[in-house]
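Everything on this sheet refers to the single structure shown next.
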Amino acid sequence: MNVQDYLQRDAVALAEAVRSGETTASELLQLALKQSERAQSKTNALCKLMEREARAQLAKLADGPFTGVPFLIKDCAQDYAGLPTAYGSKALSGIVASEHAHVVRRYLDAGFVIFGKTNLPELALKGVSDSLAFGRVSNPWNAAHTPGGSSGGAAAAVASGVVPMAAGNDGGGSIRIPAACCGLFGLKPSRGLVSSGPGFGEYWFGASSEGVLSRSVRDTASALDVITGSEPGDPFLVAEPGVVYANAVARDPGRLRIGYMAASPIGTEVHAEAKLAVDNAVKLLQGLGHEVEEATPDIDGAALATSFLHIYFGQVAALVADARGKGARREEFELLTRVLSTLGGAISAGALTTQLLKWNGFARALARFHARYDLLLTPTLAHPPIRHGEGDPSTAEQTLLDMLDRIGLLGLLTRWGALDGMIDKIARDSLQYVPFTQLANLTGTPAMSVPLHWTRDGLPLGVQFVGRLGDEARLLQLARQLEQAQPWFDRLPDWVRDIAAPD
């Protein structure tokens, strides 16, 4: 098999090629390593190469649905025994995992050959991937722009042809955002469908889910079959889905009733290209026979954003405290992480609990919406993939926050409410480009970004569909229908095509 063949096949097809004897797992690994070498200088998608571990896997390769297919895991919550899980942070780069995460073990049991870890922002905290520890990740479609975050390295690797599919996780949009930025399909599964163990019971109180980013819908469906299911010690047992996703995806979704919205739920601006992406998706859906009308869930978007940010701040404080207990030094964390940790530490237990209790109201309101509509359609992003550095706090803001943090006044001023205006501004700035994705995280519902739109500048910009809890099959069926109506698998950046072009 050559690189042209490699790029023209999804993970399912590569596994079939290994089973038929057309190629070998060793040959596929070599192709993936070579493509990664070509792409790394352009994207910086990988933060750790695991060639030695991958070759050891080849010696005892599991017999599964993806036997021999090269694969990448995210350097966040996806522990690989014997290696650090650095979370994009210098502070955590020396803390070695003692055992595989359950989801990593399932990937290995499926026959994937894991040969690297993908880059991300520190502690997976941003919608861009720009950690100081491992460097920023660039969008394969235009290196001046972000590939999104936090699974930005995974998206960049898939979009540049290194692998057909890579692992991600999503606590506020971290699969869907980079999928939208890089022209990929990204599905966030329902809460609890995939185990977060053994390191976590529920990551981010259940807001975060494990999943993949891929170039084909059937790859995601087959991967979901592999990773779905509870593990001993999980906080609850999830009902079996009752379907094999790889089979269900081939069935017609039927005529769906879809409500759509394009206005930002937090009142910020939505770019004309994001609105156009939704308008075009509406026309495509109507042409496929679906009933589509403008409709919005009865949810206070600003209240949901506030609730999300409380969890966000609190989780950072807890993660930093845990890391310091394992020997990490506070000054090794980036400024934003230190600031968020201080803000999270200033939130009372009562305030955090109050915000957690609001999740029930959001979920009930979305369920009422889903009693009328099968799916909610929105932009995935409110803006095309932004340029590197766009939206960052100003130098003056960073200098002030750094000074206040270093002298210990930041927490005190936060408790007094003296910094509420600045905090609100930073929070609003951080969500202005990604106000649509947090709804599915706090309600636990499945959601997907589908690559249906490219801007006039040639950048991808996906649209999002949010489904009923546990209704991944319907989302996958619609995605497959859209994929057939408006194919995207063969859309690759020009430089990737040039690499693959025959001499």
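Because only heavy atoms are used, hydrogens play no part in the values below, and waters and symmetry mates are left out as well, while side chains stay in.
Within 6.0 Å of the CZ atom in Arg364, the count of heavy atoms belonging to other residues, nucleotides or ligands does not exceed 12. The environment of Glu331 atom CD is dense: over 12 non-hydrogen atoms of other residues, nucleotides or ligands sit within 6.0 angstrom. Other residues, nucleotides and ligands place more than 12 heavy atoms under 6.0 Å from the CZ atom of Arg330. The local environment of CG in Leu237 is sparse, with at most 12 non-hydrogen atoms from other residues, nucleotides or ligands closer than 6.0 Å.
The aromatic rings of Phe308 and Trp204 sit tilted, their planes meeting at an angle between 30° and 60°. Ring geometry for Tyr107 against Phe71 counts as tilted: the plane angle lies between 30° and 60°, on a 0 to 90° scale.
Residue Leu123 holds its CG atom at 10.0 Å from OG of Ser131, rounded to the nearest 0.5 Å. To the nearest 0.5 angstrom, Leu83 atom CG is 5.5 Å from Lys117 atom NZ.
Counting only distance, with no hydrogens or angles, the side chain of His102 and the backbone of Ser195 share no donor-acceptor pair below 3.5 Å. Distance alone, capped at 3.5 Å, is enough to place a donor-acceptor pair between the Glu122 side chain and the Glu334 backbone. With hydrogens and angles ignored, the 3.5 Å screen pairs no side-chain donor or acceptor of Glu210 with any backbone N or O of Val103. Checking side-chain atoms of Arg191 against main-chain N and O of Leu442 turns up a donor-acceptor pair under 3.5 Å. With Ser190 contributing its side chain and Leu193 its backbone, the two residues share no donor-acceptor pair below 3.5 Å. Asn44 contributes a side-chain N or O that, together with a main-chain N or O of Arg136, makes up a donor-acceptor pair within less than 3.5 Å. A donor-acceptor contact shorter than 3.5 Å links the side chain of Asp225 to the backbone of Ala246. Asn119 contributes no side-chain N or O that, together with a main-chain N or O of Ser129, makes up a donor-acceptor pair within less than 3.5 Å. Here the side chain of Ser209 pairs no donor or acceptor atom with the backbone of Asp170 at under 3.5 angstrom. A distance-only check finds no donor-acceptor pair linking the side chain of Ser89 to the backbone of Ala86 [under 3.5 Å].
His310 and Thr354 form no side-chain donor-acceptor contact under 3.5 Å, judged by distance and modelled atom types alone. When only modelled atom types and interatomic distance are considered, Gln355 and Thr306 share no side-chain donor-acceptor pair under 3.5 Å.
Residues Leu187 and Leu476 have side chains in contact (heavy-atom distance under 4.5 Å, counting atoms from C-beta outward). Side-chain contact check for Asp75 versus Thr85: some heavy-atom pair is nearer than 4.5 Å. Taking the side chain as every heavy atom from C-beta outward, Phe185 and Val450 approach each other to under 4.5 Å. Residues Asp10 and Ser214 are not in side-chain contact: their nearest non-hydrogen atoms beyond the backbone lie 4.5 Å or more apart. Side-chain contact between Ser36 and Leu46: present, with at least one pair of heavy atoms (C-beta onward) separated by less than 4.5 Å.
In summary, of the residues considered (Gln464, Glu472, Arg176, Met448), a side-chain contact (heavy atoms from CB on, under 4.5 Å) with Lys188 occurs for Arg176 alone. For the side-chain contact (heavy atoms from CB on, under 4.5 Å) with Ile311, the lone residue among Val316, Asn441, Leu356 that qualifies is Leu356.
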*Taking it one step at a time, do Asp219 and Arg215 satisfy salt bridge (charged side-chain N to carboxylate O under 4.0 Å, His left out)?*
CA-CA 8 Å; Asp219 272 0; Arg215 288 170 57 202; over 6 Å; no
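For Glu53 and Lys48, the salt-bridge test fails: no basic side-chain N is under 4.0 Å from an acidic carboxylate O.
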